[in-house]
Structures are given as structure tokens and as C-alpha cells.
There are 2 protein chains.
Amino acid sequence: MHPLAAAASPGVVLAHQSTLRETNLAVVLRCVCASEEPVSRAGVAAATGLTRSTVSRLVDELVAGGLVEEGTAQLAGPGRPATPLRPTGRICAVGLQVNAAHVAARLLDLRGRVVAEARSEPDLVGSEPAAALQLLGVHLAQVLAQTPEGGRVVGAGLALPGVVDGSGERLLRAPNLGWQDLSPAAGLREQLHGIPLSLGNEANLAAHAFAQPAPGRQGRSSHFVYVSGEIGIGGAVVTDARVQSGLHGFAGEIGHMPFRPGGDPCPCGSDGCLERYAGRLAMTRRAGLPPATTLAELGRLAEEGHTGSREAIDLAAEALGVVLAGVVNLLDVPTIVLGGEIGDLADRITPTVEARLRARVMAAPWMPLEVVQDTDDVAGATGGALLHLTRVVTSPVAFLAT
Amino acid sequence: MHPLAAAASPGVVLAHQSTLRETNLAVVLRCVCASEEPVSRAGVAAATGLTRSTVSRLVDELVAGGLVEEGTAQLAGPGRPATPLRPTGRICAVGLQVNAAHVAARLLDLRGRVVAEARSEPDLVGSEPAAALQLLGVHLAQVLAQTPEGGRVVGAGLALPGVVDGSGERLLRAPNLGWQDLSPAAGLREQLHGIPLSLGNEANLAAHAFAQPAPGRQGRSSHFVYVSGEIGIGGAVVTDARVQSGLHGFAGEIGHMPFRPGGDPCPCGSDGCLERYAGRLAMTRRAGLPPATTLAELGRLAEEGHTGSREAIDLAAEALGVVLAGVVNLLDVPTIVLGGEIGDLADRITPTVEARLRARVMAAPWMPLEVVQDTDDVAGATGGALLHLTRVVTSPVAFLAT
DNA sequence: GGCGATAGTTTTGTGGCGCAACCAACGACG
DNA sequence: CGTCGTTGGTTGCGCCACAAAACTATCGCC
């Protein structure tokens with residue numbers, strides 16, 4: 001690279017005429033994808049500001065390229081009826097997920113529909129990667145077998161509960177599985193048939209799915225903290241509808257933010273981490289229950305008056321509230337999304353968390369704060385698939401069929 | 001707006017031919033600005049990938065518009081000598097800053113040079129806004145009087161130690177000044193002569209200046225946490241060279257992240273906030289010194305063996321280390337920048353902070369962690385000016401002289 | 001059945017970039 | 001000291017993509 005190029009790098013997004021066409025193709029495709037209902041060429045033109053003639057040519061190209069379909073039924077109303085446009089169901093991506101309690105595969109299409117799903121619930125704490133990957137491979141093959149006639153699978157995204165390297169190829173460390181330094185693509189090569197596989201942190205991908213529930217479609221919040229509560233606690237920060245992944249892609253370890261520094265030692269080498277108070281393992285231990293107790297059971301016991309469970313949940317809520325208030329102070333992300341197993345305790349936790357936020361967030365008087373729940377229990381897999389489908393929407397040219 | 005437009009909003013960046021020209025003008029101007037040395041048209045072409053003919057046309061336009069100057073001395077070497085290009089010194093912006101200890105005005109030009117500066121060091125704790133703004137107005141007039149012959153001042157940015165609303169027009173609350181609900185533009189109208197004024201949080205603007213030391217030029221770090229230690233503690237998170245300002249622009253209150261929840265009560269309504277351990281007021285109180293003691297004096301006393309000072313500094317370093325480790329875990333921003341008065345203690349604080357980071361950051365084995373110091377003591381003012389100058393670089397069309 | 005309204009296509013015009021040829025001005029070398 | 005090679009910068013032409021506007025198609029409504 002030219003020496004100056006580095007200096008100018010952030011802005012070396014130079015534009016040719018072709019760039020212009022790519023941009024507008026993406027604009028049109030995103031518009032078609034963003035709408036729940038089919039839209040017409042004229043509707044796209046009105047929404048985007050492009051002229052009808054330009055939209056027509058771009059749509060024709062997308063139809064020819066197999067990314068958009070023209071419906072047969074016509075949209076009624078005054079004037080000439082419109083031909084409805086929808087993203088095709090033949091473009092698909094696979095979402096995969098492995099964590100301590102789930103192995104799952106999902107096939108999503110460009111409309112954001114779940115085309116196929118296969119899953120099982122083994123216990124993978126301290127497991128051998130090979131066996132788990134084999135099971136994942138079976139599920140992967142199952143969903144791929146249900147690819148629609150003439151369909152193309154553009155990628156696969158695997159959600160893992162651990163630290164993934166920046167390139168998305170290598171799992172560095174997944175403490176709760178007991179895995180480290182692993183390249184799962186090798187073990188899945190046979191089932192993948194050349195489909196590109198990328199890894200991602202579970203919470204990061206789940207947050208992506210929450211920010212963008214279907215390709216090109218905006219979720220109800222663009223600035224939020226995602227908390228994924230399983231054995232440990234993962235997380236992700238989303239600002240401007242984009243997941244903050246950090247310089248090396250390591251961002252999101254909210255479970256290891258300090259709640260009581262100097263308190264409970266944590267296997268991570270630190271002490272007083274949030275995870276030691278709001279993680280499942282910590283909560284069940286405090287409640288005096290076996291480690292395999294689910295959070296749903298814990299919640300039921302608390303409901304029935306079991307003191308230990310109540311205290312454990314209250315402490316967890318306190319810890320979450322305090323730590324999340326700090327995060328909101330730092331980043332002004334006024335929505336908290338509870339995902340993963342901890343969602344099962346949302347009813348008991350939410351009031352305390354909201355109270356702590358109101359009390360501890362400096363700008364609370366000027367902004368509404370909200371705690372919501374993500375009910376997708378394999379949200380990481382959904383996010384993994386959506387990651388690849390989003391790529392189709394943002395740069396359609398690369399995916400046009402010749 | 002059309003109903004679909006909202007749904008498609010993130011991508012409704014449709015491109016016309018004019019967009020294309022604007023983009024490329026920005027690319028060329030950024031390239032000229034990014035280089036410390038003057039560059040030639042051919043150099044820009046090589047760096048950006050645009051052709052020489054296109055660069056020539058764009059440069060001509062920038063020269064005609066008064067944003068770029070052709071030098072007279074020629075760049076030697078084999079072949080025809082090149083005509084050197086530099087950003088003009090006639091485009092300027094004003095940076096203003098008011099905090100508990102400084103009132104300052106700076107005039108910066110498009111090359112990033114400080115053209116003029118005026119400042120004073122009154123004590124503004126619990127002060128009347130009107131008097132401070134009057135003083136600021138005097139300094140503003142002083143630097144504006146030094147605008148270069150034929151120069152244009154494109155904007156003014158005022159850095160304030162408090163919460164500013166999203167539009168950049170209103171100061172909502174500045175606890176350490178004792179100010180609230182204030183629109184400073186009114187009080188400065190006479191001196192501003194129609195120059196647009198925008199407000200920003202002091203630490204956010206200082207971070208901007210650190211991320212981008214001159215218009216269009218990248219600083220040495222693109223992912224960092226900026227800590228501005230004065231009476232209280234402010235901060236900012238920078239990812240991908242952009243300051244994270246949050247949904248309402250309230251981001252950056254790192255001083256009110258929890259260090260010892262349940263500990264020292266904080267005027268913010270919470271307790272155990274970082275600021276209660278690492279803010280100047282907290283440190284001097286702990287050291288048994290008068291509140292007006294500067295951190296430089298505190299450091300000197302510690303050097304001389306004063307136990308109270310040593311303990312106060314050590315506790316502050318501990319608190320910073322713990323909280324910052326949490327932030328790094330959350331966001332993977334491996335550089336910490338110490339700015340403001342706390343920079344005077346950098347030597348004593350840095351080792352402890354770095355030790356805590358190494359011990360408490362989960363991904364520490366895979367990434368270098370670094371604590372650096374920002375030596376600009378009115379960095380907020382610099383950032384305020386750079387904010388406006390950056391706008392010139394990113395969208396030059398709006399600033400071309402007719 | 002005529003009319004207005006809306007959807008979509010076709011034609012023509014315009015702006016902006018790449019390409020390639022050209023001119024300009026220097027250093028190196030014989 | 002002249003020639004040649006090298007690099008900087010300009011000019012004219014063609015292509016590409018979008019805008020504008022005229023045109024066709026098809027509906028609902030009176």
C-alpha cells in the first residue's frame with residue numbers, strides 16, 4: 001500500500017460509478033427486506049427518494065440475480081395494480097450454536113423465516129469438543145437437507161460461549177465448556193460442503209439478532225446492552241444498531257466486570273466479578289442447590305418461599321442492577337435486554353434492576369430506562385445466520401447469480 | 001416521511017452522481033489533510049486509487065473553493081517537480097472550554113495548528129454562569145481578532161464538564177460548577193458574530209482530539225478509554241476512532257461507574273462511584289488536605305513521604321484499575337488515556353492501573369494493554385475546534401467558497 | 001364508457017469518472 | 001551541452017448510472 005494510503009485509510013472509500021450502483025442496489029434491497037408486507041417498485045421509489053425508472057432497473061437486476069421475487073397476486077387499490085416484491089426464500093444461511101446446554105442448527109432465509117431447525121440438549125460442561133462437534137454436524141446436515149428447491153446457502157455462523165479471535169476462525173477459550181484453542185471448521189468440513197463458516201461470541205450474535213430481527217430490518221432498539229445469562233454471564237453492547245466488538249473482537253465480557261472487587265474469587269483470575277453473583281453456578285451454590293439446577297427451577301423454588309433461592313436471586317438482581325447502571329452511565333444505552341436462561345427469572349429480577357438503574361444512572365431524569373426480555377432460547381444461532389444474511393443485504397452485488 | 005423510509009432508514013444513504021463527487025472530494029481533502037508533509041496531485045492519486053485526471057479535477061475544485069492551497073516551492077526529485085498541496089490556513093474553528101479551573105479559547109486552522117490562544121485560571125466551583133461566560137466571551141473575542149487575513153471561522157465548540165443534551169445546545173447539569181439548565185450561546189451571541197456554537201462534554205471532546213489530533217489525521221489509537229480527571233472524573237469511549245456518545249449524547253460518565261457499591265455516598269444519588277475514590281476532591285479529603293490542593297501538589301507530597309497522600313493516590317489507582325479493567329472486558333478497548341489534571345499523577349498511578357488491567361482483563365493474554373497520558377491541558381477546547389474542522393473534511397462541499 | 005389515478009417503461013439528457021494520449025519540466029548520462 | 005528517461009499534470013473522449021419527462025397499462029369510480 002502507498003504510504004499515504006494508511007494515513008488516509010478511514011476515508012479511502014472512494015466512489016466510482018459502480019460503487020454508486022452497488023450502493024443503490026443495497027438501498028433498494030434493504031427497503032424490500034425491511035418491509036413486512038410486499039412492496040411495489042413505486043413504493044420503493046417513494047421510500048428511498050430514487051426515481052421510479054432507476055428503481056425499476058435496480059429491481060430488475062435484483063430479480064435477475066435471484067435475490068428478489070415478483071409475486072403473482074397484485075396489490076389492489078386505485079390506479080394500476082402493483083406487482084409485489086419480496087426477498088426470495090431461496091437465499092438462506094445457517095445459524096449454529098453450542099453452549100453448555102444446547103446444540104442447535106437453524107436455517108433462515110432472506111425473509112428472516114426459520115426454514116428448518118434441529119437441536120438437542122446435552123450436558124456439555126467440561127466436555128470433549130469432538131463429540132459435541134459431531135452432534136452439531138448431524139444437526140447441520142439435517143437442516144441443510146431441508147434447503148428449499150434451488151436454494152443457495154450463503155454462509156454459516158456458529159455461536160460459542162467464549163472468546164473468539166478477530167478473524168472469526170478460532171475459539172480461544174470457552175471456560176464453561178472447558179474448551180480452548182479450537183478451529184471447529186475442520187470438524188464440520190464434510191457437512192459444510194464449502195459453505196463459509198464464521199464463529200462469534202454467543203452474546204454478540206444474540207445481540208445482533210435482537211438489533212436486527214430479520215435481514216435489513218431494524219429491531220425495536222438501536223442502543224442496548226444484551227445480557228446473556230447461562231452458567232456464566234456474557235454480554236454485548238449495541239450502539240447505532242451495531243454490535244461493538246472491540247479492537248480484537250473480544251468485547252462483551254460483562255460477566256467479568258467488577259461488582260464487589262476483593263470479593264468472591266473468579267476462575268478468570270480476578271475477584272468479585274458480576275458472574276460470581278448473577279451467573280447460574282453462583283446462584284445455585286448460594287441457594288444451596290445442586291449445580292445442575294436450572295434458573296427456571298430456582299425461580300419456582302423462590303416462588304414457593306425457599307429462602308436461599310430468594311436471597312440468591314435478589315443478590316443477582318442487585319449485582320446486575322449495579323453493574324448495568326455503570327454501563328448505562330458510561331455508554332448511554334438505555335435499554336437492557338435479558339437473554340438466555342436468565343430470561344426465566346426476568347419477572348423477579350426486572351423490578352430490582354430497574355430500581356437500581358433509576359437510582360444510579362446520572363442522566364436518568366432525562367431518559368426512559370427499560371428492561372426487556374429476549375425469548376429466543378437459541379438467539380445465538382439466529383444471530384449467526386442473520387450475520388451472513390445481513391451481508392447479502394449490505395452488499396448484494398457479491399451475491400447476484402450470474 | 002414515507003412510512004417505509006423509517007424502516008429502511010439506516011440504509012437510505014442513496015447515491016446520486018453528486019454524492020459520488022462529494023465522496024471523492026472528501027477522500028481527496030482527507031488525504032491532503034492526513035499527510036504531515038505537503039503532497040502532490042499524483043501522490044494523492046497513488047494513495048487513493050483515483051486516477052490523476054480525476055484527482056486534478058477535484059483538487060482544482062478544492063483550490064477554487066478555498067480549502068486547499070498550492071504551494072510555490074516545488075517538490076524536488078527525478079522527473080517533473082510536483083506542486084505541493086496543503087490544507088489552507090484560512091479555514092479555522094474555535095475551541096472553547098470552561099471547567100472548574102480553566103477558561104480557555106483556541107483558534108485552530110485546517111492544518112491542525114493552534115493559531116491563537118487566550119486563557120485564564122479562575123476558580124469556578126459553585127460560580128455564577130454569567131460571570132464565567134463573560135470571561136469566556138473576552139477570550140473568544142481575543143482569539144477571533146487573530147483570525148488570519150481572509151480567514152473563515154466555520155464553527156465553535158465549547159467543552160463543558162457536565163451533561164449536555166443531544167442537540168449540543170443546552171447544558172443540562174454541571175455538578176462541579178454548580179450550573180444547570182443553561183444555553184451559553186445566548187450569552188456569547190455578541191462575540192460569535194453568527195458563528196455556529198455547539199456544546200459538548202469535556203471528556204468526549206478531549207477524546208475526539210486524541211483520536212484525531214488534526215483534521216482528517218488519525219491518532220495513534222482508534223480504540224481507547226479516555227479518563228478526564230479533574231474535581232470529578234469524566235470519560236469517553238472511542239471505538240473505530242469515533243467517540244461513543246450514546247442514544248442521547250449522555251455517554252461518558254465513567255466517574256459514576258461503581259467501584260465499591262454501598263460505599264461512600266455520592267452527590268449523584270448513588271454510592272461507591274469511582275469519582276468518590278479517584279476524583280480530586282475525594283483524594284484531597286482522604287489525604288487530609290484542603291480541597292483546593294492540586295493533584296500535582298498531592299503527588300509532590302506523596303513523593304516527600306506524606307502517608308495520607310500516598311494512600312489516597314494508591315486507592316485512586318486501585319479504583320481506576322478495577323473500573324477500567326471492567327470497561328476493557330466489556331468493550332475491548334485496550335488503551336487507557338489519562339487526561340486532565342490526573343495526568344499529573346500518571347507516573348504514580350500507571351503501574352497500579354496496568355497491573356490491575358493485566359490481572360483482571362479476561363483477554364489480557366491475547367492483547368497488549370497500555371496506559372498513556374494526554375498532555376494537552378485544554379484538550380476539550382482543542383476537541384471542540386477539531387469537531388468543526390472535521391466536518392469540513394468529511395463534507396467539503398458544504399464549505400466550498402462560491 | 002369516460003376520466004382520473006397510480007404503476008411501470010422508454011427515451012433523452014447530464015454529471016462524473018476512467019482511459020489514453022499529450023505536454024511540461026526536471027535529472028542523468030554520454 | 002544536448003538527448004533521453006522519468007515523473008507531474010492536463011485534455012479530450014467514451015462509458016456508466018441516474019434524473020426527468022413523456023408514454024403505456026390498468027385499475028376504481030362516476
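We name chains A, B, ... by the order of the sequence lines, and we start the count at 1 in each one.
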Check this for me: does any side-chain nitrogen of one of R242(B) and D240(A) sit under 4.0 Å from a carboxylate oxygen of the other? no

Answer yes or no: is there an ion pair linking E61(A) with R21(A), defined by an N-O contact shorter than 4.0 Å? yes

Taking the side chain of R41(A) as heavy atoms from C-beta outward, which of dT9(C), dG18(C), dG9(D) is closest to it? dT9(C)

Taking for each residue the nucleotide of DNA chain D with the nearest heavy atom, is it R52(B) or Q17(B) whose nucleotide lies nearer the 5' end? R52(B)

When you check the phosphate oxygens OP1 and OP2 of dG8(C), does a side-chain N or O of S53(A) lie under 4.0 Å from one of them? no

With a 4.0 Å cut-off on N to O distance, would you call R90(A) and E69(A) a salt bridge? yes

Is it true that R217(A) and E36(A) make a salt bridge, defined as a side-chain N closer than 4.0 Å to a carboxylate O? yes

Among side-chain atoms of T54(A) and T51(A), is any donor-acceptor pair under 3.5 angstrom? yes

Which atoms form the tightest heavy-atom contact between G89(A) and R111(A), and what is the distance? N-NH2, 3.8 Å

Phosphate contact (dG8(C) OP1 or OP2) by S56(A) side-chain N/O below 4.0 Å: no

Can you check the L20(A) CG to dC16(D) C1' distance for me, whole Å? 9 Å

Between R57(A) and N24(B), name the one whose nearest nucleotide on DNA chain C is closer to the 5' end. R57(A)

Taking the side chain as everything from C-beta on, heavy atoms only, tell me whether C31(A) gets closer than 4.5 Å to T48(A). yes

Does H16(B) put a side-chain nitrogen or oxygen below 4.0 Å from OP1 or OP2 of dA19(D)? yes

OP1 or OP2 of dG18(C) sitting under 4.0 Å from any side-chain N/O of T54(B)? yes

Nucleic acid contacts - residues 59-67 of chain A versus DNA chain C, non-hydrogen atoms under 4.0 Å: none

Spacing between L58(B) atom CG and dG18(C) atom C1', to the nearest angstrom: 13 Å

Expressed as a whole number of angstroms, how long is the span from E22(B):CD to dG15(C):P? 15 Å

When you measure from the side-chain N and O atoms of T83(B) to the phosphate of dG8(D), is any distance below 4.0 Å, counting only OP1 and OP2? no

When rounded to whole Å, the CZ to P distance for the pair R21(A) and dG15(C) reads 22 Å

R80(B) CZ to dG8(D) C1': how many Å, rounded? 5 Å

